[in-house]
There are 2 protein chains.
Amino acid sequence: MTARPGSWQAIEAEVLRRIHARDWPPGSAIPNEADLAQSFGVARATVNRALQSLAEAGILDRRRKAGTRVALHPVRRATLRIPILRHEVEAAGQPYACRLLARDEAPAPEVVTQALRLPSDAPLLHLRALHLAGGAPHALEERWVNAAAVPAILSAPLDTISANEWLVANAPFTSGDFSIAAANATTDEAAALACQPGAALVEVLRTTWDGARPITWVRLLHAPGYRMRMAL
Amino acid sequence: MTARPGSWQAIEAEVLRRIHARDWPPGSAIPNEADLAQSFGVARATVNRALQSLAEAGILDRRRKAGTRVALHPVRRATLRIPILRHEVEAAGQPYACRLLARDEAPAPEVVTQALRLPSDAPLLHLRALHLAGGAPHALEERWVNAAAVPAILSAPLDTISANEWLVANAPFTSGDFSIAAANATTDEAAALACQPGAALVEVLRTTWDGARPITWVRLLHAPGYRMRMAL
DNA sequence: GAGTGGTCTAGACCACGGG
DNA sequence: CCGTGGTCTAGACCACTCG
């Protein structure tokens, strides 16, 4: 488990140790790369690799000329892996299924068109699907797809493959928003998810873009008991 | 905005372009580093930097000898910044306050001791606090601190500084778990958060460790309307 | 202006792991 | 075995930004 002496991981661990040991307290400046390299007996590039890793993790603040400082408030970052629902379910050892509940091209609500920065009369494909895990409802998906950006979706076999999965394979995106909140189940949602009306549900909102072109807006309502886990 | 030609960012962008353009479709192998370096006219280390960046982002799968492949299912990662609550509130332009509701050393529930992998009779400090934003309830915090690992907390002025902030400054951690779920407000919680009983609340569970030593377990209940946002 | 991090190069050796 | 990625080195130049 211990990194090879002289490796950048070893340097990283040693720097971390000194920070935790308060040798280098929060807010203080640490020696520059050249000095550290000499004192550790490695090349500067190796020190650079270690410090960049720590900076990326938010442990250090680095600025040219100003030098490297221990972050005053180490803003912790958690990385959330967002799997395809099918994979998530199957990874839990349960059979997955997806049922297409609705599909139409009705005009989208303002919330959606505004989030996608599209005119309110833009032609959007509307989909509603229920994801099942082991026969039980897992999540309810409400989706709007920008048909202008992904015309092929109009002829996609969405009763065979979930829109989620089809889009991942056919419409790569470059950026997006992702947010999590809690919502009480409406009577309709409760019926679809086989839970009590008013039950607390995890609500995930996602918008994706390919460059400047909006691709899709989706709202996922997870069945009660759902929990998103990450490591710190 | 465009990266300098020959920089690793430029290589990264070009590789990304070829992936999006389906020159290198999902699952396919791409040339090895040496070949790419030659064709791009840069050193192998530069190509390595670019490909490592893409691998870290989940776009590429890299294995020694097996080479580099375009990830079949680009598992998207969202990085969530976990700020100190006070900062989060103040960043929203609202005055922050924290009220300590309870503090005792009663035995902890099994859920807590098990999550911390401690014997069920381990001495834990129990805290309950209400975080306020602009005078309105923002989040309810239920916390258990491993007094054995952080004895100084027993004499910390927790009516002045939130336990959250005190721990960040005085008890660095090396790893932790983080999970998000939704919960209906109990009558007690509703009273504290000034909302309706049964309201859907975002529940955050966090456990932190310093090496093998458990530090703290905390449950945060956010007031209705709370939303965690991240970029993809 | 000058110090510091950011990056590139050319070359080398190593570790992993597929065939 | 041996090809591929992972990493280290020594040296160099650049870019940013603080003073």
Spacing between Leu51(B) atom CG and dT4(D) atom P, to the nearest angstrom: 14 Å
Sequence neighbours excluded - side-chain hydrogen bond (donor to acceptor under 3.5 Å, both in side chains) pairs with any residue from residues 139-148 of chain A: His126(A)-Glu142(A), Arg128(A)-Glu142(A), His131(A)-Glu141(A), Glu141(A)-Arg143(A), Arg143(A)-Thr216(A)
Atom-pair distance (CG on Leu60(A); C1' on dT4(C)), nearest Å: 14 Å
Between dT4(C) (P) and Asp61(A) (CG): distance, integer Å: 17 Å
Those residues of residues 24-41 of chain B lying under 4.0 Å from DNA chain D by at least one heavy atom: Asn32(B), Glu33(B)
Phosphate-side-chain proximity, Asn48(B) and dG5(D), N/O vs OP1/OP2 below 4.0 Å: no
Side-chain donor-acceptor distances from residues 3-10 of chain B under 3.5 Å, at least two apart:
residue, atom, partner, partner atom, Å
Ser7(B), OG, Arg4(B), O, 2.7
Ser7(B), OG, Ala10(B), N, 3.2

Which atom pairs link the protein and nucleotides 13-19 of chain D when you take only N or O atoms and keep those under 3.5 Å?
residue, atom, partner, partner atom, Å
dA15(D), N3, Arg64(A), NE, 3.1

Residue pairs fulfilling ring pair (Phe, Tyr, Trp, His ring centres under 6.0 Å) with at least one residue in residues 42-74 of chain B, sequence neighbours excluded: His87(A)-His73(B)
Residue pairs involving residues 43-70 of chain B (criterion ring pair (Phe, Tyr, Trp, His ring centres under 6.0 Å); sequence neighbours excluded): none
Partners passing ring-ring contact (aromatic ring centres under 6.0 Å, His included) against His20(B) (at least two apart in sequence or in another chain): none
Residue list, side-chain hydrogen bond (donor to acceptor under 3.5 Å, both in side chains) with Gln94(A), at least two apart or on another chain: none
Arg77(B) and Thr79(A) side chains, donor-acceptor separation under 3.5 Å: no
Axis bend over the full length of the helix from dG1(C)-dC18(D) to dG18(C)-dC1(D), computed from five pairs that close each end, to 10 degrees: 20°
Distance, rounded to the nearest Å, where Trp8(A) contributes CH2 and dA15(C) contributes C1': 16 Å
Between dG5(D) (C1') and Arg49(A) (CZ): distance, integer Å: 12 Å
Interatomic distance, Leu54(B) CG vs dG6(D) P [rounded to whole Å]: 12 Å
Nearest to side-chain heavy atoms of Gln9(B), which nucleotide of dT9(D), dG6(D), dT7(C): dT7(C)
Arg81(A) CZ: over 12 foreign heavy atoms closer than 6.0 Å: no
Listing, residues 221-232 of chain A side-chain donor-acceptor contacts under 3.5 Å, not counting sequence neighbours, or none:
residue, atom, partner, partner atom, Å
Tyr226(A), OH, Glu88(A), OE2, 2.8
Arg227(A), NH1, Ser179(B), OG, 2.7
Arg227(A), NH2, Glu203(B), OE1, 2.6

Integer-rounded Å distance: dT4(C) C1' and Gln52(A) CD: 13 Å
Would you give me the side-chain donor-acceptor pairs under 3.5 Å for residues 39-46 of chain B, sequence neighbours excluded?
residue, atom, partner, partner atom, Å
Ser39(B), OG, Leu36(B), O, 3.1
Arg44(B), NH1, Glu33(B), OE1, 2.6

dG5(C) OP1/OP2 closer than 4.0 Å to side-chain N/O of Thr68(A): yes
Presence of Thr46(B) side-chain N/O under 4.0 Å of dT9(C) phosphate oxygens OP1/OP2: yes
By salt bridge (Lys or Arg N to Asp or Glu O under 4.0 Å) - contacts of Glu90(A) (at least two apart): Arg86(A)
